Amino acid sequence: MIKKTLATACLLSIFSINANAGEWHFEAFGKAKTLYGYSALDSSSSRSDSHNHLPTRLSASLIAQYHFSEDYQLGAYVDLSYGIDQQLKDYNHGNWGEEVYGIFDSPYGKLIFGQSYNAAYQLGVSAPDIGVLGVNQSDVVNFIANPNWQRNSLGTGYRTLNSTDINTDGTAPKITYISPEFNEGTMLGFSYVPNTYSRDGLVNRHASYKYKSGYIASVYHSGELADLSLSGSLGVAYFDDNDTEFSAGFNVYRKGWTLGGGVRRTWVNHYDESINKPTRDAIEYFDGYRDAWAYNVGLSYEIGPLKAALTYFYSKADGQDYEDEIIQLSGSYQYNRYIDFYTAVAHARFEGQTSEDSNKGYAYIAGVGIKF
């Protein structure tokens, strides 16, 4: 916390020194999202999870930007979040999270330093993410628990990948560079992560590679072909003593319709630490995500304030029975600039270590989001 405070103070001091040379901009905004969902588990499931769920998420952002000139800008950003009735405590402090970071914009690109997602995550493309649950890191687990994804008081364990975006390091502090657009739609990104551990990432706190570094690179390109808008991305990452990762994605857009998908692959080589070898006790196979793969695909449509999407997500650990499959039909309606309504129907099938550990069923969800 001291380092974060000092970093913010340094940014503000820079602003003060140059206060007479440019222009300030301040902004604050937030959102509250509450869902109600009814879970109908398959008759073959032996789990006794609750049928009724009411997860709520609160978020707020603070922005302070200083414009040196038309092309140069330095900003300090604070993003705060809090979750209630969450199956996964997927914030960097468990029930709540913070991201404190700075961004320096110039004609030569964007430099991001602090708590933020890596370049491959920020530039990544995958299935259209419309609706309330999300395709990657799907919130369907708040209604149908996944035994392969665990982050709670008992520990962290990801036996399979939960995203086609590279999210192993979560919002661990890092330095990221994203280039300006060149060659009519191409952008490059690079990230250096001194320590990959973050409670909103995939790494267990008892893993021997917890404090090892990570290196991520990504390329994004968008363009037009006839009356189609195309975009795609590639990402690669090496996390020291952990794994090597690759991601790719595409989107095709035409007249309100978007077709897209993504894929991610991870490998453990003989230079890395063995899978399921923590420095202290942890759940069995807590890091199967390190040798696994995942993909998603989806089709969405937008017309005015209405949006809808049908998506599919699949992930599996190599050489193991751990497997995830999620099908979602999601919709949203923007009532006005402050209020959104959501609805979704999802089917999930999660294969765990045993039939007793596995889970399968449907979730029927409705909710509202309020911006302020």
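Predicted, not measured: the structure shown is a model, and the values here were computed from it.
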Are Lys371 and Tyr338 in a cation-pi contact, defined as NZ or CZ under 6.0 Å from the six-membered ring centre and within 45° of the axis? no

Pick from Tyr285, Tyr158, Phe350: which one makes a ring pair (Phe, Tyr, Trp, His ring centres under 6.0 Å) with Tyr322? Tyr285

For Tyr314 and Arg349 the tightest heavy-atom approach is CE1-NH2, 4.3 Å

Does the gap between the ring centers of Trp257 and Tyr301 come in under 6.0 Å? yes

Side chain Arg280, main chain Ala207, donor-acceptor under 3.5 Å: no

Gap between atom NE2 of His347 and atom OH of Tyr312 - 0.5 Å precision: 11.0 Å

Is Glu273 salt-bridged to Arg290, going by a charged N under 4.0 Å from an acidic O? no

Point-to-point distance, once rounded to the nearest 0.5 Å, from CD of Glu181 to OG1 of Thr186: 7.5 Å

Between the side chains of Ser116 and Glu99, is a donor N or O closer than 3.5 angstrom to an acceptor N or O? no

Value rounded to 0.5 Å, distance of CG in Asn296 from OG in Ser163: 8.0 Å

Please answer whether the main-chain N or O of Leu54 pairs with a side-chain N or O of Asp85 as donor and acceptor at a distance below 3.5 Å. yes

Quick one: does any side-chain atom of Asn204 pair with a main-chain N or O of His206 as donor and acceptor, under 3.5 Å? yes

For the backbone of Lys212 and the side chain of Asp240, can you confirm whether one donor and one acceptor N or O come within less than 3.5 Å of each other? no

Report yes if the side chains of Tyr36 and His53 come closer than 4.5 Å at any heavy-atom pair, otherwise no. no

Among Asp324, Asp321, Leu161, side chain to side chain contact (heavy atoms under 4.5 Å, CB included) partner for Asn148: Asp324

Geometric class of the Tyr333/Phe341 ring pair [parallel <30°, tilted 30-60°, perpendicular >60°]: parallel

Whether the side chain of Asn118 engages the backbone of Thr176 through a donor-acceptor N/O pair (distance < 3.5 Å, no angle test) should be reported. no

Is the closest side-chain donor-acceptor distance between Asp200 and Asn167 under 3.5 Å? no

Is there a side-chain contact between Asn251 and Leu259 (heavy atoms, below 4.5 Å)? no

Under a 4.0 Å N-O cut-off, is there an ion pair linking Arg159 with Asp357? yes

For a quick test of reading the model, state the closest non-hydrogen atom pair linking Arg57 to Tyr91 and the distance between them. CD-OH, 3.3 Å

Arg254 and Asp227, any side-chain heavy atoms less than 4.5 Å apart: yes

Find out whether Asp79 and Ser61 are in side-chain contact, i.e. whether some heavy atom of one side chain is under 4.5 Å from a heavy atom of the other. yes

At what distance, to the nearest 0.5 angstrom, does CH2 of Trp267 lie from CZ of Phe246? 7.0 Å

Is there side-chain contact between Phe113 and Tyr101, with heavy atoms separated by less than 4.5 Å? no

Checking the side chain of His67 only, and the main-chain atoms of Gly22 only, is there a donor and an acceptor separated by less than 3.5 Å? no

Mutual orientation of the aromatic rings belonging to Tyr238 and Tyr215 [parallel < 30°, tilted 30-60°, perpendicular > 60°]: parallel

Any donor-acceptor N/O pair, Ser179 side chain to Leu188 backbone, under 3.5 Å: yes

Closest heavy-atom pair, Ala292 versus Arg265, reported as atoms and distance to 0.1 Å, is O-NH1, 3.0 Å

Derivation of the side chain to side chain donor-acceptor pair (under 3.5 Å) call for Trp149 and Thr160: CA-CA 7 Å; Trp149 304 345; Thr160 56; 2.8 Å; yes

Begin from the C-alpha positions of Gln65 and Tyr77 and carry the test side chain to side chain donor-acceptor pair (under 3.5 Å) through to its verdict. CA-CA 8 Å; Gln65 296 172 330; Tyr77 305 81; 2.8 Å; yes

Rounded to the nearest 0.5 Å, what separates atom CD1 in Ile178 from atom NZ in Lys110? 6.0 Å

Sub-3.5 Å donor-acceptor pair from the side chain of Thr266 to the main-chain atoms of Tyr289, do we have one? yes

Any donor-acceptor N/O pair, Lys174 side chain to Thr171 backbone, under 3.5 Å: no

Report yes or no: does Ser191 contribute a side-chain atom to a donor-acceptor pair with the main-chain N or O of Ala119 at less than 3.5 Å? yes

Salt bridge present between Glu245 and Arg264 (N-O < 4.0 angstrom): yes

